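Worksheet for the structure shown next.
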Amino acid sequence: MHSIAEVLNKDYIGKDVTLHGWIYRIRTSGKLTFIILRDSTGLIQLLSSTKSLTPEQHRELSGLTVESSLEVTGTVREDTRAITGFEVEIHSYRIFQRNESFPISRDLGEEFLLDNRHLWIRSREFTAVLKVRSTIFKAFADFYYNNGFYQVQPPIMVSTATEGGSTLFKVPFFGEEVSLSQSSQFYLETFIFSLEKVFTISPSFRAEKSRTRRHLTEYWHAEAEVAWIGNEEMMKIEERMIEYIVSEVIRHNEEDLKILGRDIEFLRNIRAPFQRIRYADLMKMAQEWGLPLKYGDDLGADEEREIMVHFDKPVFVTHFPKSLKTFYHMPDPENPDEILCHDLLAPEGYGEIIGGGERIWDLKQLEQRMAESNLDPKDYYWYLDLRKYGSIPHSGFGLGMDRLAWWIMKQETIRDAIPYPRTIRRIKP
RNA sequence: GCCGUUGUAGCUUAGCUGGUAGAGCACUCGGCUGUUAACCGAGCGGUCGUCGGUUCGAAUCCGACCAGCGGCGCCA
């Protein structure tokens, strides 16, 4: 048994190989039939003819359809006319299944492909997407393992909101109603008191009725929390992490990026350090660029896009006004109206992919900020406990893995970066 | 939630001011000993999203509803 990628090699010329996979294309030309076979590693042309098969066998192979599954044994030869430079002349085979007409052919509509995502997964394009995603998830975890972090597993079913504004998914829980997690941050903060440096990649859920190309209701949320460090040190870790993930994708997925039409040279330029811009300075710059922004405005999607036109690497925006961020962010001691936080904006119009910063670690200060936000301390008793027993300075961040994958692959919508997107209007397949 | 837009064969679509619904792909059959999303010929395939209205006559005009997509707000 051989893989297709393995056999696309001069060492196999003249040798017999056994391949298995699915029919990617099939066409007949007179008494010859060309089958393009697909497996997880690539494509290869197979030749069926009466030279090496009986007329009945040749006829059976010629009658196969796209995505039929089979195993073939044949002889490899080099042939520049074949799609990947080599061809296998079949002399025996086994058909596992001959399909009826495969629903997906050429000229595909967006809605149809989403309805048939379970089949579209097999396409060359989506196979490339899945391979790049696999690298991104591995590289994220590797980066943190290599830097002394522990991976932890926070709960998914939770009883409190982490952030006031976002809408929660309610699920029944033995006669009670609980929520699906929309951020693991508070739980991650609990882990640093035993492990100091922790990360997780877990699903998060947002019941916001967002209808945009960058929102999912279920997404993969990568989060880290680090003891003893502040906002600037946190950003240093993040920029190296992004650089590492992008470099790993370039190293392992060059072919996939080509299939997706991604400009690899652009990605090669994604190297730390990334520029830091204070919110107040960004507002001044935006005004010079003619954007209708003033101090105190939040960055909308349009503003992010217009700002990022001026950069070809991700940019950290820091020191947001207190009013724009939630209660747990640490105010800047030098200017308490601003907080020690950062958003990382991706270039090329992709916008925010990371939100993070330093957390308030003083109990009184946290209680005061919660009171300002009209939050009931009882709901957060365990979060407040962390500030009662050996509290320490610490920072963390949350990264939308699907958004990162979406940007790295430069896909049209975030739905094209995740196999089974969940949105306000889509729960199938 | 608000605003916009689209819906014709399994898929992609043409059909303009109302007059018997047309093509390509897929599939089936036939032709071609080197095809590259092959090509050539034939066949199969449609309650024009749904319901209602206007009209002698509606895919086409009007209304409501349903579904998808896009934008905003919110966020990762």
Side-chain angles (χ1 to χ4, degrees), chain A residues 24-36 43 45-51 58 62-68 77 79-85 87 89 98-116 119-120 123-124 162-167 182-185 201-223 298-305 324-326 343-346 350-356 397-407 412-415 417-418 421 423-426 428:
Chain A
Y24 178 72
R25 300 270 188 271
I26 182 165
R27 46 189 166 254
T28 62
S29 178
K31 296 288 178 289
L32 298 178
T33 295
F34 301 97
I35 295 171
I36 312 300
L43 302 175
Q45 176 161 297
L46 310 177
L47 177 67
S48 167
S49 80
T50 48
K51 249 164 89 181
H58 173 67
S62 301
L64 288 175
T65 50
V66 168
E67 287 302 316
S68 291
R77 66 165 158 260
D79 193 317
T80 51
R81 291 166 297 190
I83 183 166
T84 45
E87 178 178 84
E89 182 161 4
R98 181 192 183 279
N99 293 325
E100 293 309 306
S101 171
F102 192 63
I104 294 178
S105 55
R106 68 189 211 192
D107 298 330
L108 307 148
E110 205 178 340
E111 182 182 352
F112 179 78
L113 286 183
L114 283 165
D115 288 339
N116 291 281
L119 301 175
W120 180 237
S123 67
R124 265 191 123 185
T162 46
E163 296 177 31
S166 304
T167 324
Q182 50 181 348
S183 166
S184 300
Q185 181 198 321
I201 306 176
S202 49
S204 275
F205 305 87
R206 303 271 166 106
E208 295 152 2
K209 294 182 175 173
S210 302
R211 305 194 34 72
T212 76
R213 63 180 67 192
R214 63 187 181 283
H215 282 89
L216 295 167
T217 55
E218 173 187 298
Y219 67 99
W220 288 91
H221 206 171
E223 292 167 280
D298 208 350
L299 265 48
D302 287 347
E303 289 83 27
E304 280 183 5
R305 219 170 290 131
L324 292 181
K325 295 284 176 179
T326 39
D343 283 0
L344 185 68
L345 306 184
Y350 286 80
E352 185 179 351
I353 54 174
I354 287 179
F397 73 90
L399 160 70
M401 288 294 265
D402 311 288
R403 281 195 180 172
L404 178 64
W406 173 49
W407 165 58
E412 185 77 19
T413 90
I414 199 168
R415 292 186 299 277
I418 183 171
T423 66
I424 176 172
R425 306 212 179 168
R426 188 166 288 280
K428 286 193 273 191

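Quick note on labels: first sequence line is chain A, next is B, and so on, each numbered from 1. Please read all numbers here as calculations on a predicted model, not as lab measurements.
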- Message: Is A:R214 close enough to B:rC72 that one of its side-chain N or O atoms is under 4.0 Å from OP1 or OP2 there?
- Response: yes

- Item | Ring-base stacking, A:Y219 with B:rA76 (5.5 Å, 30° cut-offs) | yes

- Which one, B:rC27, B:rC69, B:rA76, comes nearest to the side chain of A:E352? B:rA76

- Side-chain contact check for A:T212: nearest option of B:rA37, B:rG73, B:rC75 is B:rG73

- Message: Between A:K31 and B:rC32, is there a contact of a side-chain N or O with OP1 or OP2 at under 4.0 Å?
- Response: yes

- Name the closest nucleotide to the A:T65 side chain, picking from B:rU28, B:rC69, B:rU12. B:rU28

- Query: Taking the P atom of each, how far is B:rC2 from B:rA58, in whole Å?
  - Reply: 35 Å

- Query: Expressed in whole Å, how much space separates the P atoms belonging to B:rC48 and B:rU5?
  - Reply: 24 Å

- Message: Using the P atom as the point on both nucleotides, what is the distance between B:rA59 and B:rU8, in whole Å?
- Response: 15 Å

- Message: Please determine whether a side-chain nitrogen or oxygen atom of A:R98 lies at a distance below 4.0 Å from atom OP1 or OP2 of B:rU28.
- Response: yes

- Query: Would you say a side-chain N or O of A:R426 is under 4.0 Å from OP1 or OP2 of B:rC69?
  - Reply: yes

- Message: Using atom C1' in both nucleotides, what's the gap between B:rA76 and B:rG52 to the nearest angstrom?
- Response: 45 Å

- Item | Under-4.0 Å side-chain N/O to phosphate OP1/OP2 contact, A:R425 with B:rC69 | no

- Task: Look at the side-chain N and O atoms of A:R305 and state whether any lies under 4.0 Å from the OP1 or OP2 oxygen of B:rC72.
- Result: yes

- Regarding the side chain of A:E208, the nearest nucleotide among B:rC74, B:rG71, B:rA37 is B:rC74

- Message: Under the side chain to side chain contact (heavy atoms under 4.5 Å, CB included) test against A:I414, which residue among A:T423, A:D402, A:T212 passes?
- Response: A:D402

- Which nucleotide in the list B:rA76, B:rC27, B:rC32 gets nearest to the side chain of A:S29? B:rC32

- Nearest-Å distance, NE2 (A:H215) to P (B:rG1)? 16 Å

- Item | B:rG10 and B:rC44, which share atom name P, separated by this distance in whole Å | 15 Å

- Here the helical stems involving RNA chain B, each at least 3 consecutive Watson-Crick or G-U pairs closer than 3.5 Å, sorted by first residue number, are B:1-7 with B:66-72, B:10-13 with B:22-25, B:27-31 with B:39-43, B:49-53 with B:61-65

- Query: More 5' along RNA chain B: A:L47 or A:L113, using each one's nearest nucleotide?
  - Reply: A:L113

- Taking B:rG1, B:rA76, B:rG70 as options, the one with an atom nearest any side-chain atom of A:K209 is B:rG1

- Please give, in whole Å, the distance from B:rU28 P to A:I26 CD1? 10 Å

